[in-house]
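First the structure, in the form of structure tokens, and then the observations on it.
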Amino acid sequence: MTDKKNDSGDLMEKLASLCKRRGFIFQSSEIYGGIGGFWDYGPLGVELKRNIKAAWWEDVVRANDNIVGLDCSIIMNPKVWVASGHVGGFSDPMVDCKGCKARFRTDKIAYVSLTKGDNVLLDAAIEADDESEALAAAMAGANSKTRRRIEGAGGDLTSTVTFLSKMPDGETGKCPNCGGELTEPREFNLMFQTYVGALQDSSSVAYLRPETAQGIFVNYKNVMDTSRMKLPFGIAQIGKSFRNEINPRNYTFRSREFEQMEIEFFCHPDEAEKWYIHWRDTRYQWYIDHGLLSDKLHLRDHDPDELAHYARGCADVEYDFPFGQAELEGIANRTDFDLKAHQEHSGRDMTYFEDELWKDEAPKYTADKFDGDKKAARKAAEEAKSVMPYRFTPFVIEPSGGVDRATLAFLCEAYTEDEAPDENGHMQTRVVLKLHPRFAPIKIAVFPLVKKDGLPEIAHNIHAEAQASGLASFYDEKGAVGRRYRRQDEVGTPFCVTVDGQTLEDQSVTVRDRDSLAQDRVAIDEVVNYVRDRIIR
RNA sequence: GCGGGCGUAGCUCAGUGGUAGAGCGUCACGUUGCCAACGUGAAUGUCGUGGGUUCGAAUCUCAUCGCCCGCUCCA
């Protein structure tokens, strides 16, 4: 069997077509012309996605004593987003050039002028990050005559650098690229807004969360107080998030409504690096274990200049999609940035106290150690307790994965066209989703070889037994058995069980393997266990 | 947001001003005893949506929505 793995661009089209045809993924609101950036999961898609989420939850929450789950509301007090920096800080106004169509952030366009008295020696529009870079770039861009005049002017030059973002409203400068006219600055805030309550005024504005993480941070105290968790421990959550992407693209990859699976893992600052490495490697391995080949999966450590201002380390798990290498999950060391931000904005104490460590230390602060001065002893104790190593703000390691992105990656990886013989022995192209059995929407399909001689009844019984034991099972008696196999191949069903004439004689059935096409003869009583043994991990 | 391409049956697509089509899939019956494209029959379309031109529009035109590619963006 030779695989004709499709790494070209049409894989995406074939996959999208299959997903529509077999009920994995539909465009949202399709009968009304759809809506960009929103997608629906059909009968098989929802099973696949639930299986992925369930596997994550089992492996992350249930398999770890020090991780607990959470399910937060999507709409929160808007102050949460002020504290996190999502309101205000990250809405970068942009301008477009009407001439050359380039787009710029207004805080990246600088207007540099050099004057000596009333003489303007240099007046330039430059794309730059800061003043010194703008000046340097303006000088470098000047012609030799201008440069000589500037050098000749000696020290009595006046230089001004004005960023477009700092210019008065209504004033726009020229395009740094072509000198053309720029549009009015436009806000690109990616949070969806809504109103809470009947009154739609500025006091009732709220946001659909752009990430699940903040819901965890604001519940960190609640969880710690009620679940007896001690550092290091994690809080995990799966849920919808919303970003009003400017330009959703690449099928479900960049959607405006999407689902995240996130852990916020709280630990001692001294251990943050250790846990960061742990989670980075654990999460990377999780994707490999579930079928993403390691040569298509990349663990990419961010360069220091790529890191967000609050992060001390960050790595992306990336996959080679047909449209390019793109992120499935990010693992970041967010330091104590978030807890400190919420402590500052909410006024609530977010620090952690090492009481077991303090227990050993407390005897040093009894009154007799302070010449019987109880007050002095208490004061010294309070001071000692209020700082490291007893009291501190935990660091946070955040493995944050996209459920829809993982689903898409597993689908891309699973989509295979190989060749299988037809009834005359001629090789025919076969489409098969080689999904990890744990993720397969249907685990076992049960067929009577033909629709007579009591075979359907026996097959029905096996189907019912599989269902009763919790296996997602599918019964099919229509058409030729070969066609039924192919239908199941297309949706990734790992095992097909066929009841045939021999079953009537010796109570055995054939179990056919999706990937190898091999058939095993198994006793009816054993068949459910046989399949179960082969789908667990 | 800009530029280009596309939108016709569940899927893939043909159809350039005059009766809405094909292949596959689906359904029914038959056949078939282990790997889809056997037989017979059947269902299925706001031709993305809205306006305009025309005696007449899937076809020409404008707008709009969606999808794909490139640019841009991505806390």
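By convention in this document, chain letters (A, B, ...) are assigned in the order of the sequence lines, proteins followed by strands, and residues within each chain are numbered from 1.
Between the C1' atoms of B:A36 and B:A57, the separation comes to 40 Å (whole Å). Using atom C1' as the reference point in both B:U59 and B:C6, the two lie 16 Å apart (nearest Å). Nucleotides B:U8 and B:G33 are separated by 42 Å at their C1' atoms, to the nearest Å. As rounded to the nearest Å, B:A9 and B:G23 have C1' atoms that lie 12 Å from one another. Spacing between B:A22 and B:A14 at atom P, rounded to whole Å, works out to 16 Å. B:U19 and B:C47 are spaced 15 Å apart, taking the C1' atom of each and rounding to whole Å. On the C1' atoms, B:A42 is 43 Å away from B:G4, given to the nearest whole Å. For the C1' atoms, the distance linking B:G45 with B:G21 amounts to 11 Å, nearest Å.
Rounded to a whole Å, the CZ atom of A:Arg484 is 13 Å from the P atom of B:G33. Distance CG (A:Asn247) to C1' (B:G3): 12 Å, rounded to an integer number of Å. Atom pair A:Arg483:CZ and B:U31:P shows a separation of 17 Å (rounding to whole Å applied). If you measure from atom CZ of A:Phe242 to atom C1' of B:A75, you get 18 Å, rounded to the nearest angstrom. Here B:G66 presents its P atom at 11 Å from CH2 of A:Trp39, a figure rounded to the nearest Å. Between the CZ atom of A:Arg249 and the C1' atom of B:G1 there is a distance of 11 Å, given to the nearest Å. The CG atom of A:Asp418 sits 13 Å away from the C1' atom of B:A36 (whole-angstrom rounding). B:A75 atom P lies 9 Å from atom CD of A:Glu245, rounded to whole Å.
The pairing partner recorded for B:C55 is B:G18, the criterion being a Watson-Crick or G-U wobble arrangement whose two distances lie under 3.5 angstrom. Across all strands shown, B:C29 forms a Watson-Crick or G-U wobble pair with B:G39, both key distances being under 3.5 Å. Nucleotide B:G23 is matched to B:C11 when pairs are restricted to Watson-Crick or G-U wobble geometry with both distances under 3.5 angstrom. Under the Watson-Crick or G-U wobble criterion, with both distances below 3.5 Å, B:U64 is paired with B:G48. Partner assigned to B:G3 is B:C69, using Watson-Crick or G-U wobble distances below 3.5 angstrom.
Ion pairing between A:Arg521 and A:Asp500 holds under the 4.0 Å rule for side-chain N and carboxylate O. Taking 4.0 Å as the cut-off between side-chain N and carboxylate O, A:Arg514 and A:Asp489 do not count as a salt-bridged pair.
A:Asp316 and A:His298 share no donor-acceptor pair across their side chains, judged by distance under 3.5 Å alone. A donor-acceptor pair shorter than 3.5 Å cannot be found between the side chains of A:Glu477 and A:His460. In this model, a donor atom of one side chain and an acceptor atom of the other lie less than 3.5 Å apart for A:Tyr287 and A:Glu329.
Regarding the sugar-base torsion, B:G33 falls in the syn class, its angle being within 90° of 0.
If you check every strand for non-hydrogen atoms under 4.0 Å, A:Thr510 touches a base. Counting non-hydrogen atoms under 4.0 angstrom, A:Arg487 reaches the backbone sugars and phosphates but no base. Contact annotation for A:Ile35: backbone-only contact, meaning every heavy-atom pair under 4.0 Å involves sugar-phosphate atoms and none involves a base. Among the atoms of the strands shown, only primed sugar atoms or phosphate atoms (P, OP1, OP2) are found under 4.0 Å from some heavy atom of A:Asn250. Residue A:Arg486 is in base contact, counting any heavy-atom pair closer than 4.0 Å across all strands shown. Looking at heavy-atom distances under 4.0 Å, A:Gly42 makes no contact with the nucleic acid at all. When heavy atoms are screened at a 4.0 angstrom cut-off, A:Glu30 is found touching no nucleic acid atom at all.
The backbone N or O of A:Ala213 sits less than 3.5 Å from a side-chain atom of A:Glu262, completing a donor-acceptor pair. Using a distance-only test at 3.5 Å, with no hydrogens or angles considered, no donor-acceptor pair links the side chain of A:Gln488 to the main chain of A:Thr493.
A residue-by-residue look at A:Val509 and A:Lys478 shows that A:Lys478 has its nearest nucleotide of RNA chain B further toward the 5' end. Each of A:Gly479 and A:Gly36 was assigned the nucleotide of RNA chain B with the nearest heavy atom; the assignment lying further toward the 5' end belongs to A:Gly479.
The base of B:C74 sits within donor-acceptor range of the side chain of A:Arg254, with an N or O pair under 3.5 Å. A:Gln519 contributes a side-chain N or O that forms a donor-acceptor pair with the base of B:C34 under 3.5 Å. Judged by distance alone, with hydrogens and angles left aside, A:Arg512 brings a side-chain donor or acceptor within reach of the base of B:C35, the pair sitting under 3.5 Å. Residue A:Tyr251 places no side-chain atom within donor-acceptor reach of the base of B:C67, judged by atom type and a 3.5 Å distance cut-off alone. Side-chain atoms of A:Arg22 stay outside donor-acceptor range of the base of B:G25, with no qualifying N/O pair under 3.5 Å.
Ring geometry, A:Trp275 versus A:Phe265: the interplanar angle falls from 30° to 60°, so the pair is classed tilted. Under the 30°/60° scheme for interplanar angles, the aromatic rings of A:His463 and A:Tyr475 are found to be tilted.
In the set B:A75, B:C34, B:C69, B:A75 carries the atom at the smallest distance from any side-chain atom of A:Leu190. The side chain of A:Leu449 lies closest to B:C34, out of B:A75, B:C34, B:C35. Of the candidate nucleotides B:A75, B:U32, B:C34, B:C34 has the atom lying nearest to any side-chain atom of A:Val481.
In this structure, the ring of A:Phe395 has its center no less than 6.0 angstrom from the ring center of A:Tyr276.
For the pair A:Arg430 and B:A37, the criterion of a side-chain N or O lying under 4.0 Å from OP1 or OP2 is not met.
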Pairwise N/O distances under 3.5 Å, protein to nucleotides 44-51 of chain B:
unit_1 : atom_1 : unit_2  : atom_2 : d
B:U46  : O4     : A:Ile31 : O      : 3.4

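Geometrically, A:Arg256 does not engage A:Phe242 in a cation-pi contact, judged by NZ or CZ lying under 6.0 Å from the ring centre and within 45° of the ring axis.
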